[in-house]
Amino acid sequence: LEFKLGIPVDVVPLTELDPHFKLSILTRGRLVLEKTPGLYEALLSQAFDELQLEELERAYSSKTSPEKTTPMQPHRM
(Lines give C-alpha, C1' and ligand atoms only; values in the text may rest on other atoms or scores of the structure.)
Protein backbone atom coordinates (compact mmCIF):
# COMPACT_ATOMS: atom_id res chain seq x y z
CA LEU A 1 0.00 0.00 0.00
CA GLU A 2 2.81 2.43 0.89
CA PHE A 3 4.61 1.56 -2.34
CA LYS A 4 1.51 2.17 -4.48
CA LEU A 5 0.60 5.44 -2.72
CA GLY A 6 4.13 6.71 -2.30
CA ILE A 7 3.41 7.82 1.28
CA PRO A 8 3.78 6.16 4.70
CA VAL A 9 0.61 4.33 5.77
CA ASP A 10 -0.60 3.43 9.25
CA VAL A 11 -3.61 1.16 9.53
CA VAL A 12 -5.32 1.42 12.91
CA PRO A 13 -8.65 0.16 14.25
CA LEU A 14 -10.55 3.40 14.89
CA THR A 15 -12.99 1.69 17.25
CA GLU A 16 -10.22 1.12 19.81
CA LEU A 17 -8.79 4.66 19.85
CA ASP A 18 -9.21 7.56 22.22
CA PRO A 19 -11.74 10.04 20.74
CA HIS A 20 -9.14 12.84 20.56
CA PHE A 21 -6.74 10.66 18.58
CA LYS A 22 -9.57 9.34 16.40
CA LEU A 23 -10.67 12.88 15.55
CA SER A 24 -7.08 13.86 14.78
CA ILE A 25 -6.69 10.94 12.39
CA LEU A 26 -10.00 11.67 10.67
CA THR A 27 -9.33 15.39 10.24
CA ARG A 28 -5.59 15.35 9.50
CA GLY A 29 -5.20 12.03 7.75
CA ARG A 30 -5.87 11.24 4.13
CA LEU A 31 -8.82 9.05 3.21
CA VAL A 32 -7.56 6.43 0.80
CA LEU A 33 -10.51 4.07 0.46
CA GLU A 34 -14.09 4.25 1.64
CA LYS A 35 -15.91 1.00 0.89
CA THR A 36 -19.19 2.20 2.37
CA PRO A 37 -20.43 5.62 1.24
CA GLY A 38 -20.93 7.95 4.21
CA LEU A 39 -18.77 5.89 6.58
CA TYR A 40 -16.20 8.69 6.94
CA GLU A 41 -18.88 11.19 7.96
CA ALA A 42 -20.42 8.69 10.39
CA LEU A 43 -17.04 8.05 12.04
CA LEU A 44 -16.39 11.78 12.28
CA SER A 45 -19.79 12.33 13.89
CA GLN A 46 -19.15 9.47 16.30
CA ALA A 47 -15.80 10.95 17.34
CA PHE A 48 -17.44 14.32 18.06
CA ASP A 49 -20.19 12.58 20.06
CA GLU A 50 -17.61 10.66 22.11
CA LEU A 51 -15.74 13.90 22.88
CA GLN A 52 -18.94 15.60 24.00
CA LEU A 53 -19.82 12.62 26.19
CA GLU A 54 -16.37 12.73 27.80
CA GLU A 55 -16.79 16.44 28.53
CA LEU A 56 -20.23 15.89 30.06
CA GLU A 57 -18.97 13.01 32.19
CA ARG A 58 -16.02 15.10 33.36
CA ALA A 59 -18.27 18.05 34.24
CA TYR A 60 -20.76 15.81 36.05
CA SER A 61 -18.09 13.97 38.03
CA SER A 62 -16.50 17.23 39.17
CA LYS A 63 -19.88 18.43 40.46
CA THR A 64 -20.63 15.21 42.33
CA SER A 65 -17.37 14.62 44.18
CA PRO A 66 -17.63 12.36 47.26
CA GLU A 67 -17.25 15.31 49.64
CA LYS A 68 -20.37 16.99 48.27
CA THR A 69 -22.74 14.02 48.23
CA THR A 70 -24.72 12.91 51.23
CA PRO A 71 -25.71 9.34 51.99
CA MET A 72 -29.27 8.40 51.17
CA GLN A 73 -31.65 8.22 54.10
CA PRO A 74 -34.04 5.27 54.36
CA HIS A 75 -37.55 6.05 53.22
CA ARG A 76 -40.03 6.11 56.09
CA MET A 77 -43.69 5.30 55.58
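Atom set for the values below is all heavy atoms of this structure, side chains included, hydrogens, waters and symmetry mates excluded.
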>> Rounded at 0.5 Å granularity, tell me how far CG in Leu33 sits from CG in Leu39.
In response: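 Going from the CG atom of Leu33 to the CG atom of Leu39 covers 10.0 Å.
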> Of all heavy-atom pairs between Tyr40 and Leu31, which one has the smallest distance, and what is that distance?
Replying inline: CB-CD2, 4.2 Å
> Of the non-hydrogen atoms in Arg30 and Ile7, which two are nearest, and what is the gap between them?
Replying inline: NH1-CD1, 3.7 Å
> Under a single-linkage definition using a 4.5 Å side-chain heavy-atom cutoff for Ile, Leu, Val, Met, Phe, Trp and Tyr, are Val11 and Val32 assigned to the same hydrophobic cluster?
Replying inline: yes
In a table with atom names and distances, give each donor-acceptor pair under 3.5 Å that connects a side chain of residues 18-25 to protein atoms at least two apart or in another chain.
| from | atom 1 | to | atom 2 | distance (Å) |
| --- | --- | --- | --- | --- |
| Asp18 | OD2 | His20 | N | 3.0 |
| Asp18 | OD2 | Phe21 | N | 3.4 |
| Lys22 | NZ | Leu14 | O | 3.4 |
| Lys22 | NZ | Glu50 | OE1 | 3.2 |
| Lys22 | NZ | Glu50 | OE2 | 3.2 |

> Is there a side-chain contact (heavy atoms from CB on, under 4.5 Å) between Glu41 and Glu34 once you walk through the steps?
Replying inline: CA-CA 11 Å; Glu41 290 81 5; Glu34 184 179 23; 3.8 Å; yes
>> Test of understanding: with side chain to side chain contact (heavy atoms under 4.5 Å, CB included), list the residues that count as partners of Glu57, not counting sequence neighbours.
In response: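 Side chain to side chain contact (heavy atoms under 4.5 Å, CB included) list for Glu57, sorted by chain: Leu53.
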